[in-house]
Amino acid sequence: MTPRQITIVQTQLSTVKSIGKPFAKMLYARLFQLSPDLRTLFAGGSRKDRQLIDTLCTTVNSLQNMDGLKVVIHNVGRHYNDLGVGERHYDFFMQAMLETLEMALGDEFRDEVKAAWLNLLTTLKNTLLEASHYHEIQHPAWGSEVPMALVDQGLRRISACQSMPLKILA
């Protein structure tokens, strides 16, 4: 993603965050219309709604550390692959996310904003799909902000919606 696209997505995140659980409910409703078989993977009531917003916030706020983020997303992708999630499911998620963003952002969801979100979602999808082909991800040496402890834990214990790189919670 370009620095401009990262800024756009991070700016729009505040609107999504302010909507919160209703945004997640709309997204899941659309996703389950497109792919009812995913309903079993996303059980958990309002917990899954909060988890979606937290994960989205953490992902967007970690875009400056794309290498570290890709390691975490890759490991989440391995887990999803083990559950049978495939490319068509990621395509449905992207469609549901873009439609929900369009409803949430209204007139702000124009060409440049849509392109930025599409680029983010495509990057995430490609990283998740890479996970189905690799057992180990090669990564560069990192600084202290890289979520080493998250590699095996997915995105469960991270601080959400903070304007900083991924941090590990004690």
Side-chain angles (χ1 to χ4, degrees), residues 1-28 30-31 42 44 46-77 79-80 85 89-131 137 139-140 142-151 153-169:
M1 293 184 70
T2 67
R4 173 86 177 128
Q5 288 177 324
I6 291 171
T7 299
I8 288 169
V9 170
Q10 289 175 336
T11 300
Q12 298 301 320
L13 180 64
S14 63
T15 301
V16 172
K17 187 177 150 187
S18 70
I19 298 168
K21 288 184 181 182
F23 179 89
K25 287 185 185 309
M26 287 188 301
L27 185 140
Y28 282 122
R30 181 62 179 136
L31 180 61
F42 293 100
S46 65
R47 187 182 74 114
K48 78 174 179 330
D49 299 337
R50 184 75 247 156
Q51 210 169 21
L52 174 77
I53 298 302
D54 290 349
T55 301
L56 182 61
C57 290
T58 301
T59 300
V60 169
N61 287 322
S62 298
L63 291 174
Q64 302 295 345
N65 180 16
M66 190 60 82
D67 288 335
L69 180 61
K70 281 186 175 184
V71 170
V72 174
I73 298 301
H74 183 277
N75 285 289
V76 170
H79 174 70
Y80 283 163
V85 176
H89 297 110
Y90 295 126
D91 290 336
F92 289 141
F93 180 83
M94 287 176 62
Q95 181 181 343
M97 177 63 88
L98 291 171
E99 290 175 8
T100 306
L101 284 165
E102 185 173 17
M103 286 188 287
L105 299 175
D107 290 338
E108 294 178 34
F109 197 69
R110 297 203 184 250
D111 298 334
E112 190 177 26
V113 172
K114 184 175 183 176
W117 280 99
L118 182 59
N119 194 346
L120 169 62
L121 293 170
T122 301
T123 300
L124 293 175
K125 172 189 160 186
N126 290 339
T127 304
L128 290 162
L129 287 172
E130 284 173 11
I137 186 169
H139 53 78
W142 297 317
S144 62
E145 76 225 44
V146 175
M148 297 296 290
L150 297 178
V151 171
Q153 297 178 31
L155 297 173
R156 281 181 245 140
R157 294 176 30 173
I158 49 182
S159 60
C161 295
Q162 293 181 1
S163 297
M164 60 181 71
L166 290 170
K167 296 285 184 184
I168 299 167
L169 295 177

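Computation of the quantities below employed the complete heavy-atom set of this structure, encompassing side-chain atoms and omitting hydrogens, waters and symmetry-equivalent molecules.
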When you compare the side chain of [Y] with that of [X], does any pair of heavy atoms fall below 4.5 Å?
| X | Y | value |
| --- | --- | --- |
| Phe109 | Leu98 | yes |
| Tyr28 | Thr100 | no |
| His79 | Val85 | no |
| Ile53 | Lys21 | no |
| Leu121 | Tyr90 | no |
| Phe23 | Leu101 | yes |
| Arg30 | Gln95 | yes |

State, to 0.1 Å, how close [X] and [Y] come at their nearest heavy-atom pair, and which atoms those are.
| X | Y | answer |
| --- | --- | --- |
| Gln12 | Val113 | CG-CG1, 3.9 Å |
| Leu13 | Cys57 | CD2-CA, 3.9 Å |
| Ile73 | Leu124 | CG1-CD2, 4.0 Å |
| Trp117 | Leu56 | CZ3-CD1, 3.9 Å |
| Val60 | Gln10 | O-NE2, 3.0 Å |

To the nearest 0.5 Å, what is the distance between [atom1] ([X]) and [atom2] ([Y])?
| X | Y | atom1 | atom2 | answer |
| --- | --- | --- | --- | --- |
| Met1 | Leu118 | CE | CG | 9.5 Å |
| Met94 | Thr122 | CE | OG1 | 3.5 Å |
| Leu69 | Leu120 | CG | CG | 8.5 Å |
| Lys114 | Leu105 | NZ | CG | 12.0 Å |
| Glu112 | Arg4 | CD | CZ | 4.0 Å |

Take His89 and Leu31, measure what side-chain contact (heavy atoms from CB on, under 4.5 Å) needs, and give me the verdict at the end. CA-CA 9 Å; His89 297 110; Leu31 180 61; over 6 Å; no
So which of Ile8, Thr15, Thr7 actually passes side-chain contact (heavy atoms from CB on, under 4.5 Å) with Thr11?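 Exactly one pass, corresponding to Thr7.
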Donor-acceptor pair, Thr58 side chain versus Thr55 backbone, under 3.5 Å?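 Pair absent, no side-chain N/O of Thr58 close to backbone of Thr55.
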Looking only at atom types and distance, does a side-chain atom of Thr2 sit under 3.5 Å from a main-chain N or O of Gln5, one as donor and one as acceptor?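 Checking the backbone N and O of Gln5 against the side chain of Thr2, a donor-acceptor pair under 3.5 Å is found.
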In terms of heavy-atom contacts, does NZ of Lys125 have more than 12 from other residues, nucleotides or ligands at under 6.0 Å?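 For Lys125, atom NZ is crowded (more than 12 foreign heavy atoms under 6.0 Å).
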So for atom OH, which belongs to Tyr80, do other residues, nucleotides or ligands contribute more than 12 heavy atoms lying within a distance under 6.0 Å?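 No, OH of Tyr80 has 12 or fewer neighbouring heavy atoms, counting only those of other groups under 6.0 Å.
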